[in-house]
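Worksheet for the structure shown next.
Just so we're clear, the structure is a prediction, and the values are computed from it rather than from any experiment.
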Amino acid sequence: MSDTPERPASQEAQEPTLDEQIAAYQREYRDLDPQVEKVVSALGRLNRRMNVAYGRQLADLGISNAEWEVLKTLVLSGAPYRLGPGELAKRLGLTPAAMTHRIDRMAGEGLVTRDRDENNRVRVIVELTDEGRTKWLEAMRMATDFEEKLLQDLEPEERVALGDALIRLLRRVELSQPDAGGRLTDLD
């Protein structure tokens, strides 16, 4: 019989706590640094949970994460928020076929337009519509509210220190895995 209390049946399928996970890893792999594992595992769990929260917000707006990515990319391109489908696909790490499918869907929803380039009739231009920009702005407002609540317990200097530390980690990964910014497979 174990000295560890059993989890209630409602919690059996839940993910183990970080401490439980680290203890199991240490039991199986003795060279594990528990502090490193705590940071990395916490970052992974935080990322997953934030993605779920953002996904729910986007669903409330009637757009998918895939559509959000296109809206964001067009906004980041600057006014007049226009790019060719090939450039969009490249920036998002998608195949041209996946990008075409995504643009078709978004054009049907009124989030983007797709027209021939007047200077080069062979070239197609994808442009953000007013409806697309409105959805992007609303998603940003919702995300900002969520992020402020997420960081509410951190003092301004703690936010700066955390941001700086995370940027250093990001740079290290980018240097060691320069191709990791893209996607391994299309998301839709």
Could you state whether Val75 and Leu88 fall into the same hydrophobic cluster, counting links through intermediate Ile, Leu, Val, Met, Phe, Trp or Tyr residues with side-chain heavy atoms under 4.5 angstrom apart?
yes
Within this structure, what is the CZ-CD distance for the pair Arg159 and Glu157, rounded to the nearest 0.5 Å?
10.5 Å
pair Val126-Met106: side-chain heavy atoms closer than 4.5 Å
no
What residue among Thr73, Leu76, Val70 forms side-chain contact (heavy atoms from CB on, under 4.5 Å) with Leu83?
Thr73
Counting C-beta onward and ignoring hydrogens, is there a side-chain heavy-atom pair between Glu67 and Lys135 closer than 4.5 Å?
no
Derivation of the side-chain contact (heavy atoms from CB on, under 4.5 Å) call for Leu128 and Arg82:
CA-CA 7 Å; Leu128 187 66; Arg82 305 172 64 179; over 6 Å; no
So, Glu147 versus Tyr54: side-chain donor-acceptor pair below 3.5 Å or not?
yes
Should the pair Asp104-Arg114 be classified as a salt bridge under the 4.0 Å nitrogen-to-oxygen rule?
yes
Search all heavy atoms of Leu32 against all heavy atoms of Tyr25 and return the closest pair with its distance.
CD2-CB, 3.6 Å
Write down the atom of Leu94, the atom of Ala98, and the distance for their closest heavy-atom approach.
CB-CB, 4.4 Å
Pair Glu87 + Arg91: basic N to acidic O under 4.0 Å
yes
I'd like to know if the side chain of Ser41 reaches the main chain of Lys38, judged simply by a donor and an acceptor atom lying under 3.5 Å from each other, with no hydrogens or angles considered.
no
Hphob cluster co-occupancy, Leu58 + Leu111, side-chain heavy atoms under 4.5 angstrom:
yes
Can Trp68 be reached from Leu92 by stepping across I, L, V, M, F, W or Y side chains whose heavy atoms are under 4.5 Å apart?
yes
If you measure from the Lys or Arg side-chain nitrogens to the Asp or Glu carboxylate oxygens, is any gap between Arg102 and Glu69 under 4.0 Å?
no
Heavy-atom pair of closest approach, residues Gln57 and Phe146
NE2-CB, 3.4 Å
Please check if any side-chain donor atom of Gln177 sits under 3.5 Å from a side-chain acceptor atom of Arg172, or the reverse.
no
Basic-acidic side-chain contact under 4.0 Å: Arg171, Glu174:
no
Are Ile22 and Thr17 close enough, and set up right, to give a side-chain contact (heavy atoms from CB on, under 4.5 Å), and what steps lead you there?
CA-CA 9 Å; Ile22 293 166; Thr17 67; over 6 Å; no
Between Glu138 and Arg141, does at least one N-O distance fall below 4.0 Å, as a salt bridge requires?
yes
What's the verdict on side-chain contact (heavy atoms from CB on, under 4.5 Å) for Arg45 and Arg49, showing C-alpha distance, side-chain angles and the deciding distance?
CA-CA 6 Å; Arg45 288 183 184 201; Arg49 285 162 175 79; 3.3 Å; yes
Quick one, Leu71 with Ile63, criterion side-chain contact (heavy atoms from CB on, under 4.5 Å). Give me CA distance, side-chain angles, the key distance, then yes/no.
CA-CA 10 Å; Leu71 298 177; Ile63 60 175; 4.0 Å; yes
Consider only side-chain heavy atoms of I, L, V, M, F, W and Y, link residues closer than 4.5 Å, and tell whether Leu18 and Met50 are in one cluster.
no
Strictly distance-based, threshold 3.5 Å: is any side-chain N or O of Glu158 a donor or acceptor partner for the main-chain N or O of Glu155?
yes
If I take atom OG from residue Ser77 and atom CD from residue Glu127, how far apart are they, to the nearest 0.5 angstrom?
9.5 Å
For the residue pair Leu61 and Met142, establish whether any side-chain heavy-atom pair is separated by less than 4.5 Å.
yes
Mind checking whether Leu169 and Leu162 sit in one hydrophobic cluster, side chains of I, L, V, M, F, W, Y counted as touching below 4.5 Å?
yes
Please find the pair of heavy atoms, one from Ala89 and one from Met99, that lie closest to each other, and give the distance.
N-SD, 3.6 Å
Straight-line distance of Lys90 NZ to Thr95 OG1, nearest 0.5 Å
15.5 Å
Quick one: does Leu166's side chain get under 4.5 Å of Leu43's, heavy atoms only?
yes
Using a 6.0 Å cut-off, check whether atom CG of Asp130 has over 12 heavy atoms from anything other than its own residue.
no
